[in-house]
Amino acid sequence: MPLGNPQATVDHAQNIIELERVSFSYGAQTVLENVDLAVHRGDYLGIVGGNGAGKTTLIKIVLGLLKPTSGAVRLFGHDIASFKDWSRIGYVPQKATNFDANFPATVLEAVLMGRYGRRGLFRFLTREDKDLARLALEQVGLWPQRGRLIGDLSGGQQQRVFIARALAGGPDALILDEPTVGVESGVAGEFYALLKRLNEELRLTVVLVTHDIDRMAHQAMHVACVDKTIFYHRSVDEYFRKTHAEAHPHDHPAPVSGSAGGGGR
Ligand code: ADP
């Protein structure tokens, strides 16, 4: 089976997210340095890197929660400073930070909250809002559970509710930060399958921060490795060929003598 996600199509002419020479420091500590990144419409990008590599900081910059120390960020071609259309970007945080499990909202109520980004907090919800919330719940397979309290659902189901909440806002892109941390491992597989389907069927652009590289290999189209900067950004297929070549050098014959030493990247 080929690695990556060959069925979805990427429109390279449309940049959803663009970072140009972005740096960020917390006080004296430089956490990101000269990050260049372009995510195109329809892409499914996995962002990997060790603890403290700067992945969450990068996501917070894209979401406008942190302002870069230097460099440019553009969303849908607009400078982030003047970008207003935040419902075009759905965000699903780590389960652990998602919400207080005792918060007394039903599944449907939680998903309807995703409509306030479009309507404003004090507007009445319309028929259209309710229809879109239903559609979002159907897409994640939780419409039958709409009346249950979120706190009563399993960790995996709760994460699907948060995807539905993001979908209800009608986003073009979904950004997820380690969404399966704290979710039962069997359920994580279903969760990734759902993301892949949303990417293929709705052509949703997906950006997923994950440490689960093996699973991502069968889902994402591209991988970006972060360690203060993005030192690698290629197709998943190339990434795994490179990793395999490094781990098993004897499977890959050395260059014929005379050509050694040239041409490497
Ligand atoms: P990752 O998501 O890859 O684990 P983070 O972006 O969370 O990395 O963190 C990158 C670095 O920035 C780490 O060294 C972390 O300790 C530091 N850091 C993160 N948040 C803060 C903060 N609010 N204040 C100061 N330092 C922080």
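Atoms within each ligand, like the ligands themselves, are counted from 1 in listed order.
Nearest protein heavy-atom contact of atom 12 (O) of ligand 1 is Val31 CG2, 3.4 Å. In terms of protein heavy atoms, atom 4 (O) of ligand 1 is closest to Gly52 N, 2.8 Å. In this structure, the protein non-hydrogen atom closest to atom 8 (O) of ligand 1 is Gly54 N, 3.1 Å. The nearest protein atom to atom 24 (N) of ligand 1, hydrogens excluded, is given as Tyr26 CD2, 3.5 Å; this is a heavy-atom distance. Atom 14 (O) of ligand 1 has as its closest protein heavy atom Gln29 NE2, 3.0 Å.
Every atom of ligand 1 is numbered from 1 in the order shown, and the set under 4.0 Å from a heavy atom of Ala53 is 1 (P), 3 (O), 8 (O). Residue Thr57 has at least one heavy-atom neighbour below 4.0 Å for each of these atoms of ligand 1: 5 (P), 6 (O), 9 (O). Close approach to Gly50 involves these atoms of ligand 1, each under 4.0 Å from a residue heavy atom: 3 (O). Near Asn51, with a cut-off below 4.0 Å to any heavy atom, the atoms of ligand 1 are 4 (O).
In this structure the side chain of Phe231 never reaches within 4.5 angstrom of the side chain of Val226, judged on heavy atoms. Using a 4.5 Å heavy-atom threshold, the side chains of Arg74 and Ile80 count as separate. Proximity of Thr30 to Phe24: side-chain heavy atoms (C-beta onward) are nowhere separated by under 4.5 Å.
Residues Thr106 and Gly147 come closest through the heavy atom pair CG2-O, 3.6 Å. Between Thr205 and Arg41, the shortest heavy-atom contact is OG1-CA, 3.5 Å.
Per-atom contact check: atom 19 (C) of ligand 1 touches the protein, criterion being a heavy-atom distance below 4.0 Å.
Side-chain atoms of Arg115 come within 3.5 Å of backbone atoms of Ala168 as a donor-acceptor pair (strictly under, hydrogens ignored).
Aromatic ring pairs are classed by plane angle as parallel below 30°, tilted from 30° to 60° and perpendicular above 60°; the pair His12 and His222 is perpendicular.
Neither side chain, Asp79 nor Ser82, offers a donor N or O lying under 3.5 Å from an acceptor on the other.
Residue Thr56 touches ligand 1 through backbone and side chain together, judged by heavy-atom distances below 4.0 Å.
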